[in-house]
Amino acid sequence: MFEAEQERIGEQIRTYCQTQGLTLEAVQWNWIPFSGHWGISLPFFPIAAQESRQGQKINVGARAQELAEGAAAHLGLPAGFERVEAVRGYLNLYFDSGAYARRVLEHVRQEQERFGSGAARGEQVMVEFSQPNTHKAFHVGHLRSAILGDTLARILEFAGYAVIRANYPGDMGLHVIKWLWNYQKFHKGEKPQKDITQWMGQLYAEASRRLEENPDLEAEVRALYQAWDRREPEIVALWEETRQWSLEGFHQMYDLLDIRFDRYYFNSQAEQPGKVMVQDLIERGIAQDERPDGAVIVKLDELLGLKNEKYRVMVVLRSDGTALYATEDLALAKIKFEEYPQLARSLYVVDVRQSLHFQQVFKTLELAGYDWAERCQHIPYELVSLPGNVVMASREGTVVLLEDLIREATERALQVVSDKNPDLSAEQKLEVAKAVGIGAIKYPMLARENAKTVTFDWQAALDFNGQASPYIQYAHVRANSILRKLGGDLPELTEPQHELAPAEVELIELISRFPKEVQRAAAELRPLCLASLGYDLARSFSDFYNQCPVISAEPAVRAFRVHLVAAAKQAMANCLNILGIRAPEVM
RNA sequence: GCCCUUGUAGCUCAAUGGACAGAGCAGCGGCCUUCUAAGCCGUUGGUUGUGAGUUCGAAUCUCACCAGGGGCGCCA
């Protein structure tokens, strides 16, 4: 937020270093830890070490301190700062706290819900996520891609990118045929009730069970698959109708989760174009057709002349000529860039087990000469497992259905809100329960490194205490409560006339960090940065809330603190919003 | 066999290569005539899997090893 000053001082330090016969490459400012004041810090060890490497016999620590002291003397006291010190090899510059505080709060007041957002970059990014299979249940295991992808899209958008949110449902395959077979034979004419995906999932499980109990029936399923391949109108019509049911079911789910998409691509739509691309690869000698004895493959390591196996061999078409996922992924990538030629990046939020697959697909596209291949990137994430390291799988029956989880979480939240705040209207209570319940589900999936497994257990998921989203929401509500009680417009914002309490200092510091953390989260594609900051903000606000009275404070102090409360509330709201979690006004 | 990934407090997880490795949960002890106790305060808890290396400085980078998870020609 104060880059201009930092840069100017960085220049001065560089000049100072030159007078010492040293070159300072990049000025990397750090935060000053455990200071209780704001400021920026620069270690002089790298420069001292530079001298050491040039053969001078020096004590690096002592020399760093010497240089820091020299730099401090050279700088004097720059405008906007109230103290400069050299400590243990670090140069610390402390902002003029009154001016700094006013500036942060003023900035938030002007930006409001845009606070923390980056300037538009004019760069288009597609984020593909969720990819649910139609004709199947939607369980907690599917949740991570949906939530992670949605939040990444929000982060990128807020950071200044033009984001296209894409979904890619698996709407064809053996699982769909099985479902259709079971429906035709045992459920003809039935229509889904209110929990659509649950019903679809039940029918799928039933189909699997029937086939397992009586394997002879698989001949019927195969026959049906062939009918589909011939595109028999009756089958196609049934597929289209039932697929729509699934999509409606997904839509209900996304609605509950506040997740939306701009564009849907379908598995089935990439099948034929994929086969065309494979034919092209064969003709150009990139793919090898080993049919009828083998499949169509791309020998990636061999083509690249690699000695160690890395990309291995990718099968791009089955020996019977039918398409695989790989076939379709080749086409899908191309379809995306045909539709959006300006895409700077095409991201795939897909679980980590498919890392090799995506490396193969992207490398093959690169070999085929598509210049956009290098703009494709797989964003891997680990799965959601159950305690005891049990992976959720529909077939094993080890799943927690999403409907059940959402219902349970919101019911639990409703109970708590009714208990804590009985005066709210039934409508308000329900709204709060949804915000809290959904937030409690989302937060643990975001406050974790993408590459780390999320272990789902009911107790932790429904625990609304501690480091969880209800804590942040609650802090937001408390801030709102103060503002509501004071009512009316905010007084004029001036520099604080009182000495700021440590809790005020820390809170302002955290608020000021938000814009940078947004950029970092976008650059690293890690929602965790913001999940952590949101929690830190809430904790810091709670601290302030307990130590610094607002309403009962004397007028001058109150005038300043009201603005601090408003800024903190805005920062927490923006942070929650970017995570896809609602910030209620009461709870 | 090859590749990827994880290992931090009893448990779940943090920590832009930087100054004393931090939270939550669980445990124990306190705090509601004071802006919502979904909160706050106090307290207990660590040779960052092991061993080397790079660096002025390593939980973080490199290598080896140990342990868990995942992936490796027609599953998705």
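So that the names make sense, note that chain A is the first sequence line, chain B the second, and so on, each numbered from 1.
In this structure, the ring of A/Tyr545 has its center no less than 6.0 angstrom from the ring center of A/Tyr474. Aromatic pair A/Phe358/A/Tyr348: ring centres closer than 6.0 Å.
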Here RNA chain B, pairs taken as Watson-Crick or G-U under 3.5 Å and shown with ( ), [ ] when crossing and | when to another strand, reads (((((((..((((....[...)))).(((((.......))))).....(((((..]....))))))))))))....
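Between the C1' atom of B/U16 and the NZ atom of A/Lys516 lies a distance of 9 Å, rounded to the nearest Å. Per the geometry, OH belonging to A/Tyr545 stands 11 Å off C1' belonging to B/C40, to the nearest Å. Protein atom CG of A/Asn546 is 10 Å distant from nucleotide atom C1' of B/C31, rounded to whole Å. Between the P atom of B/C72 and the OH atom of A/Tyr311 lies a distance of 17 Å, rounded to the nearest Å. One atom, CG of A/Leu91, and another, C1' of B/A19, lie 14 Å apart when rounded to the nearest Å.
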Could you go through nucleotides 73-76 of chain B and list every protein N or O atom that sits under 3.5 Å from one of its N or O atoms, giving the distance for each pair?
from, atom 1, to, atom 2, distance (Å)
B/C74, O2', A/Arg318, NE, 3.2
B/C74, O2, A/Ser319, N, 2.8
B/C74, O2, A/Ser319, OG, 3.2
B/C74, N3, A/Ser319, OG, 3.2
B/C74, N4, A/Asp293, O, 3.4
B/C75, OP2, A/Arg318, NE, 3.2
B/A76, OP1, A/Arg318, NH2, 2.9
B/A76, OP2, A/Arg318, NH2, 3.3

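Salt bridge A/Arg412/A/Glu408: absent, no basic N to carboxylate O contact under 4.0 Å. Using a cut-off of 4.0 Å between Lys/Arg side-chain N and Asp/Glu carboxylate O, A/Glu431 and A/Arg582 are scored as not salt-bridged.
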If a protein heavy atom is under 4.0 Å from the base, mark B; if only from the sugar-phosphate, S; if neither, -; do that for nucleotides 58-65 of chain B going 5' to 3'.
--------
Can you check each nucleotide of nucleotides 2-14 of chain B against protein heavy atoms at under 4.0 Å and return B for base, S for sugar-phosphate only, - for none, in 5' to 3' order?
B--SSS----SSS
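Taking the side chain as every heavy atom from C-beta outward, A/Ser355 and A/His378 approach each other to under 4.5 Å. A/Glu585 is not listed as a side-chain neighbour of A/Gln428, based on a closest heavy-atom distance of 4.5 Å or more.
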For a salt bridge (Lys or Arg N to Asp or Glu O under 4.0 Å) check, start with the C-alpha distance between A/Glu524 and A/Arg520, then their side-chain angles and the critical distance, and finish with the verdict.
CA-CA 6 Å; A/Glu524 298 175 6; A/Arg520 185 158 80 101; 3.7 Å; yes
Test A/Arg318 against A/Asp320 for salt bridge (Lys or Arg N to Asp or Glu O under 4.0 Å), laying out the working first.
CA-CA 5 Å; A/Arg318 287 199 188 91; A/Asp320 66 1; 5.2 Å; no
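Judged by the 6.0 Å and 45° rule, A/Arg144 forms no cation-pi pair with A/Tyr381.
The glycosidic torsion of B/C32 lies within 90° of 0, which places this base in the syn conformation.
Taking atom P in both B/C25 and B/U43, one finds a spacing of 16 Å when rounded to whole Å.
Set against B/U16, B/C20, B/C35, the side chain of A/Gln28 has B/U16 as its closest nucleotide. Of the candidate nucleotides B/A38, B/U36, B/A19, B/A38 has the atom nearest to the side chain of A/Val432. Of the candidates B/C40, B/A37, B/U55, the closest approach to any side-chain atom of A/Ser542 belongs to B/C40. Considering only the side chain of A/Ile482, B/C35 comes nearest among B/C41, B/C35, B/C20.
Counting non-hydrogen atoms under 4.0 angstrom, A/Pro46 reaches a base of the nucleic acid. Within 4.0 Å of A/Cys548, counting heavy atoms only, lies at least one base atom of the nucleic acid. Residue-level contact check: A/Val565 touches neither bases nor backbone, having no heavy atom under 4.0 Å from any strand. Counting any heavy atom pair closer than 4.0 Å across all strands shown, A/Asp536 reaches no nucleic acid atom. At a threshold of 4.0 angstrom between heavy atoms, the contacts of A/Thr322 with the nucleic acid are absent. Looking at heavy-atom distances under 4.0 Å, A/Arg561 makes no contact with the nucleic acid at all. Looking at heavy-atom distances under 4.0 Å, A/Val316 makes no contact with the nucleic acid at all. In this structure, A/Asn421 reaches the bases: a heavy-atom distance under 4.0 Å links it to at least one base atom across the strands shown. Contact annotation for A/Val417: base contact, defined as any heavy-atom pair under 4.0 Å involving a base atom.
Using a 30° and 60° split on the angle between ring planes, A/His357 and A/Tyr325 fall in the tilted class, from 30° to 60°. The aromatic rings of A/His135 and A/Trp179 sit perpendicular to each other, their planes meeting at more than 60°, with 30° as the lower class boundary.
One finds no side-chain N or O of A/Asn465 lying less than 4.0 angstrom from the OP1 or OP2 phosphate oxygen of B/G24. For B/C40, one of the phosphate oxygens OP1 or OP2 lies less than 4.0 angstrom from a side-chain nitrogen or oxygen of A/Tyr471.
Proximity of a side-chain donor or acceptor of A/Asp301 to a complementary backbone N or O of A/Tyr311 within less than 3.5 Å is detected.
A/Val313 pairs by the side chain to side chain contact (heavy atoms under 4.5 Å, CB included) definition with A/Ile297, A/Lys299, not counting sequence neighbours. A/Ala48 meets the side chain to side chain contact (heavy atoms under 4.5 Å, CB included) test with A/Val60, A/Arg63, A/Ala64, A/Leu67; sequence neighbours excluded.
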